[in-house]
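This report refers to the structure that appears directly beneath it.
These numbers were taken from a predicted model, which means no experiment stands behind them. All values below were derived from every heavy atom in this structure, side-chain atoms included, with hydrogens, water molecules and symmetry-related copies excluded. Below, chain A is the first sequence line, B the second, and so on; all start at residue 1.
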Protein chains: 2
Amino acid sequence: MSLAITSTTIKVACSSCNLRELCMPISFGTEDMKRLDEVVATRHHVKQGELLFRDGEPFKSLFAIRTGFFKTSVSTPEGHEQVTGFQMAGEIIGLDGIVTDQHSCNAVALEDAEVCVMPFANVEELSREFPVLQRHVHKIMSREIVRENSMMLLIGNMRSEERLAAFLLNLVQRLHARGFSQSEIVLRMSREEIGSYLGMKLETVSRAFSKFSDEGIIEVKQRYVAILNAPALKKIVNPTGCV
Amino acid sequence: MSLAITSTTIKVACSSCNLRELCMPISFGTEDMKRLDEVVATRHHVKQGELLFRDGEPFKSLFAIRTGFFKTSVSTPEGHEQVTGFQMAGEIIGLDGIVTDQHSCNAVALEDAEVCVMPFANVEELSREFPVLQRHVHKIMSREIVRENSMMLLIGNMRSEERLAAFLLNLVQRLHARGFSQSEIVLRMSREEIGSYLGMKLETVSRAFSKFSDEGIIEVKQRYVAILNAPALKKIVNPTGCV
DNA sequence: GCTGCGTTTTGATGTATATCAAAAGATAAG
DNA sequence: CTTATCTTTTGATATACATCAAAACGCAGC
């Protein structure tokens with residue numbers, strides 16, 4: 001198991017977690033909330049660069065990200081990596097493991113991270129008891145399906161600059177929902193990882209960054225990105241602007 | 001609702017359905033099976049070319065395909081279509097609608113089809129009662145997530161011929177699991193729809209078909225495809241052949 | 001400070017696939 | 001059977017992006 005060495009284990013409670021409204025159903029009463037604490041068994045620390053789980057490993061738990069930033073990826077037999085997602089605080093990873101009881105992707109921490117370990121048996125048991133939790137689990141899985149649908153659309157139909165624009169807008173939007181700036185990002189991933197996620201090469205990512213920068217749409221300093229002209233970015237994603 | 005006009009409604013039972021082992025948990029006893037029949041409310045017929053549901057429509061039910069063949073797709077605001085999947089008998093569609101209570105893609109019948117309508121409220125209620133059904137629903141959703149992960153890998157990392165080879169192999173494998181030939185397919189979708197699914201243009205699809213045909217790997221006559229050399233196809237998908 | 005290593009940028013060139021175009025087959029309608 | 005329409009194939013050309021290469025930059029260790 002990838003967790004073994006560096007992770008520490010802490011018993012904690014969802015009821016006192018400030019991320020609760022992101023990863024748990026909000027409509028819980030305080031009574032129910034105490035029962036809900038049973039979902040989370042422990043917490044684990046994952047250092048930057050370490051694997052939370054890897055392809056082929058037995059699946060036992062879902063993980064709710066408390067702090068830090070992850071990437072998930074799959075690989076071709078020849079070793080080509082495809083990043084399938086970037087996940088931040090409040091998001092759930094490990095859903096891929098349910099179908100075969102084995103994980104089918106790798107999850108790597110892109111910065112030091114802390115996750116809540118939710119044994120899937122607990123999740124299922126409490127889901128039977130609490131319809132609101134059941135519904136929540138279903139929604140999380142459905143959301144992931146919808147997200148991947150839109151990634152297929154992005155990779156299959158859009159041009160490189162449109163992809164990067166969509167990526168940046170998605171990222172700030174999610175960060176903003178977590179109380180961060182609406183216009184400034186510190187990227188946790190390399191150009192290569194962005195490229196893998198968006199189905200393009202790192203050089204193409206870099207060129208797109210430079211182009212946006214030249215046009216005054218963004219300011220780029222390494223992994224710091226400031227969005228100077230969000231409407232312009234949106235227009236790149238959706239040229240007709242009819243939405 | 002897209003269902004209104006041409007669909008007919010029949011009350012039916014999973015317990016007597018020969019597709020049961022494909023879309024329902026197999027480990028059900030006969031007693032439980034009777035309760036399980038409550039999941040399916042009705043059946044609907046969908047004619048070729050008709051929509052089962054469309055993007056934006058309220059989500060109420062999942063659909064189990066009994067006969068026929070569907071495609072699901074999403075669109076850019078400008079109208080570019082991305083086919084997100086092809087579904088056949090025993091497969092479940094509509095999972096995209098759970099997260100927002102609205103469908104986020106379109107489902108079109110590519111041939112006359114019959115679906116079992118499973119109101120999601122029923123699914124959730126019985127899931128609470130039957131852990132085996134609950135687990136089954138989770139697995140179906142997880143499977144879809146994993147499938148889409150591999151589609152991202154395919155569209156993002158593979159070349160056109162590899163994509164088509166992977167597509168054909170996946171299709172025969174699923175058809176074979178349903179008792180059809182291991183080597184012969186009658187495609188239900190156009191070159192354009194294949195291209196949309198695989199992130200390439202219809203001409204490129206056609207060229208790849210012709211290439212495989214010239215090399216004696218397949219035989220193509222319009223929508224009829226015979227796989228003459230499956231190992232060669234597999235080698236195209238996975239050149240190293242180490243798996 | 002300097003040195004070495006990984007990341008990012010930028011430029012020159014190559015190539016897979018898109019695009020444009022037209023012919024050849026299928027399918028359906030009259 | 002003939003005509004019209006749609007799908008598929010094939011060819012010629014264009015182009016977005018990949019690839020190859022090298023310089024610039026940032027960061028960690030000395």
Could you tell me the separation between the [atom1] atom of [X] and the [atom2] atom of [N], rounded to a whole number of Å?
| X | N | atom1 | atom2 | value |
| --- | --- | --- | --- | --- |
| M189(B) | dC6(D) | CE | C1' | 18 Å |
| F209(A) | dT7(C) | CZ | P | 16 Å |
| Q222(A) | dA24(D) | CD | C1' | 10 Å |
| K211(A) | dT10(C) | NZ | C1' | 16 Å |
| M200(B) | dC17(D) | CE | C1' | 17 Å |
| I194(A) | dT8(C) | CD1 | C1' | 11 Å |
| I218(B) | dT8(D) | CD1 | P | 14 Å |
| L198(B) | dT17(C) | CG | P | 12 Å |

Parallel, tilted or perpendicular: ring planes of Y197(A) versus F167(A), cut at 30 and 60 degrees: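 Geometry flag for F167(A) against Y197(A): perpendicular rings.
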
Touch class at under 4.0 angstrom, heavy-atom based, for S206(B) against every strand present: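 Here S206(B) touches the bases of the nucleic acid.
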
Evaluation steps, side chain to side chain contact (heavy atoms under 4.5 Å, CB included), between E148(A) and N149(B): CA-CA 7 Å; E148(A) 293 190 2; N149(B) 275 342; 2.9 Å; yes

Residues E215(A) and K211(A) bridged, charged N to O under 4.0 Å: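 K211(A) and E215(A): salt-bridged.
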
Residues R174(B) and E91(B) bridged, charged N to O under 4.0 Å: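 Yes, this pair counts.
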
Cation-pi geometry met for R188(A) and F86(A) (6.0 Å, 45°):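 Output no; distance or angle outside limits.
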
Neighbour count >12 (heavy atoms, 6.0 Å) for atom CD, Q182(B):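 For Q182(B), atom CD is not crowded (no more than 12 foreign heavy atoms under 6.0 Å).
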
Donor + acceptor pair across side chains of [X], [Y] (<3.5 Å):
| X | Y | result |
| --- | --- | --- |
| E81(B) | S196(B) | no |
| T72(A) | Q87(A) | yes |
| T204(A) | S160(A) | no |

Estimated bend of the helix from dG1(C)-dC30(D) to dG30(C)-dC1(D) (axis per five terminal pairs, rounded to 10 degrees):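 Roughly 40° between the end axes, to the nearest 10°.
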
K201(A), nearest nucleotide to its side chain (from dA21(C), dT19(D), dT10(C)):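 Closest nucleotide among those given: dT19(D).
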
Nucleic acid contacts - residues 148-169 of chain A versus DNA chain C, non-hydrogen atoms under 4.0 Å: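 Hits under 4.0 Å, by residue number: none.
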
Would you say a side-chain N or O of [X] is under 4.0 Å from OP1 or OP2 of [N]?
| X | N | result |
| --- | --- | --- |
| S210(A) | dT10(C) | yes |
| R207(A) | dC17(D) | no |
| R223(B) | dA26(C) | no |
| T204(B) | dA18(C) | yes |

Quiz item: E203(B) side-chain donor-acceptor pair to dC20(C) base, under 3.5 Å: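 Per atom types, the contact qualifies.
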
Side chain to side chain, F69(B) and M189(B), heavy atoms closer than 4.5 Å: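 They are in side-chain contact.
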
Earlier contact from the 5' end, DNA chain D, for K221(A) and L202(A):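 Between the two, 5'-proximity favours L202(A).
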
